[in-house]
Amino acid sequence: MKKMIEVENLTVSYGRGSQRHVAVEGVSFTVGEGECVGFIGANGAGKSTTLKTLMGFTYADSGAARVCGHPAGAPEGRRSIGYLPEVALYYPFMKAKELLELYGTLGGMKKEAFKRRIPEVLALVGLAGHEGELLRTFSKGMQQRLGIAQALITEPELLVLDEVSSGLDPLGRYDLRCILEGLTKAGRTIFFSSHELSEVESLCDRVILIDEGKILREVTREELHTIGRERSLESFFISEVRAGGKGNE
Amino acid sequence: MSKAAGKASAVRVIAKSVLVEAVRRKEIYVIILLCCALIGVVMTLDFFGLDGLVKFYREVALKLMGVSTAIAVVLLATRQLPREFEFRTIYPLLARPVGRLTFLIGKGLGVCAAAAFCFGLFMILYVAGILSLGGDLAWGLFVQHIYLQMLLMMLLTSACFLLSLLFNYDAALVMGLLLYSASGILSSTSLFLYDLTTDIGRLLLIALNYLLPQLVLFDLSEKVLHSELWGPVSSATLATLTVYALAYTLVFTGISYRLFRRRPL
């Protein structure tokens, strides 16, 4: 299986001297082509830092990260990624269609492709008919849906989604799950961080648990189902974090 | 698409997004309206006689329009990068195969395009005002003035980008405005101060003279005002000023890129 993400012994810190804070320490994992992998952990566990390092927004102190066969942050690698940042706003003075054109052009799309692709992704995320509206009129949920649309606009091989369901209401979460299921079935690789354990359970082939910058455990879909029969995922997650990844051993 | 064409296309769409922002937000129109109101007041004054009024109008309008465009540029340029960081709009942008230098150049060109839009509107109003007063226009000098003002806006944009990477938005805004206003004062007083000060002071003055761009060099408004006395500036002077502006812009952009290249986002 082709490796879409390879992270090896990654350490990332912020600040200097006494202000130095290690956000991610010695993290290693891989994500194979066509896999849907969930990255879960409490706030400040190091999820977003890991994802940002994969995108080239922050830099590793040591270790290595490769995305689609290229070093993390290399433009060649980014060509194949659709990225949804955690809590991003979109230019309020732009219209939805203009924003998707901007990101599509930056992603290397041709102008002719927009005619087909923009209505397609907007319909997919439930924003059909809103293409001509200024983004300042969009609600938080609509902004998040648009965020998913911009991640999908160039039909990327790999989707990196940070807190994917943040800001979505139950209906939006259900729609999102359907979108991600469809993409997984279509063979796309998805790597996403989330607090929503139910989302992770229903979608993922594998889950990586992270806490205080270290990987606690990797759990396969089969293991997740077994755990789900015995107790709630939430209690499993809490016991794993409290036991530092040795909860089930 | 070739690599160069891809970069050019990225620069174009990023610049377009800045221009769209400038056109759709209200600041530029507020600045233009305020400026027009002030100029309108000037045009109603009648104690100069018609000849004096045309000259007074020229002086006030050119100065006000230049200063107003510079304020618009400083406002727009200093907020570009801090706003991108604050609202995290930079993430989906740089998640594409777009280099940080391409991003900076696109933003810079966008601000320059917005400055051209603002100054263009001003110049149309200026010409309309002159014609309505029955005055004549020295077109050669006037076009040169517009060209040099555009060079000034380019230089100011790159300086403001650098300031916004060195300081927070508020500080960058204040320093950008100070840079614009102090440049004229420094140029006019440095010769006078040079004679008064001692060795270290002289060294500092020389350092400041080279460190800060002499923005007054790009202001031909005095010559446009007294166009009956002045002919167009020689092409050699224009070429020198173009090189001067490009050199400062390149240095400022280079330092900005160095600061921004590996900045964690």
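Below, chain A is the first sequence line, B the second, and so on; all start at residue 1.
- In this structure, a donor-acceptor pair under 3.5 Å is absent between the side chains of B:Thr253 and B:Ser158.
- Scanning all heavy atoms of the two residues, the minimum distance from A:Leu54 to A:Ala72 falls at O-CB, 3.5 Å.
- For A:Glu6 and A:Thr30, the side-chain atoms include no donor-acceptor pair closer than 3.5 Å.
- Residues of residues 254-265 of chain B that come closer than 4.5 Å to chain A, counting heavy atoms only, are B:Arg261, B:Arg262, B:Arg263, B:Pro264, B:Leu265, ordered by residue number.
- For A:Leu99, no part sits under 4.5 Å from any heavy atom of chain B, backbone or side chain.
- Distance check, rounded to the nearest 0.5 Å: SG of A:Cys36 to CG of A:Leu203 gives 5.0 Å.
- At a cut-off of 3.5 Å, with distance as the only test, a side-chain donor of A:Asp61 or A:Ser13 sits close to an acceptor on the other residue.
- No part of A:Lys111 comes within reach of chain B, as not one of its non-hydrogen atoms sits under 4.5 angstrom from that chain.
- For the 3.5 Å distance criterion, the side chains of A:Tyr103 and A:Thr154 fail to qualify, holding no donor opposite an acceptor.
- Of the residues considered (A:Glu98, A:Arg78, A:Met94, A:Glu76), A:Arg78 shows the highest number of contacts with chain B, using heavy-atom pairs under 4.5 Å.
- Considering only residues two or more places apart in sequence or on other chains, B:Thr89 meets the side-chain hydrogen bond (donor to acceptor under 3.5 Å, both in side chains) condition with B:Glu84.
- The closest side-chain donor-acceptor pair between A:Tyr14 and A:Thr58, if any, does not fall under 3.5 angstrom.
- Note on A:Tyr83, A:Tyr59, A:Tyr91: by heavy-atom pairs under 4.5 Å with chain B, the leading option is A:Tyr59.
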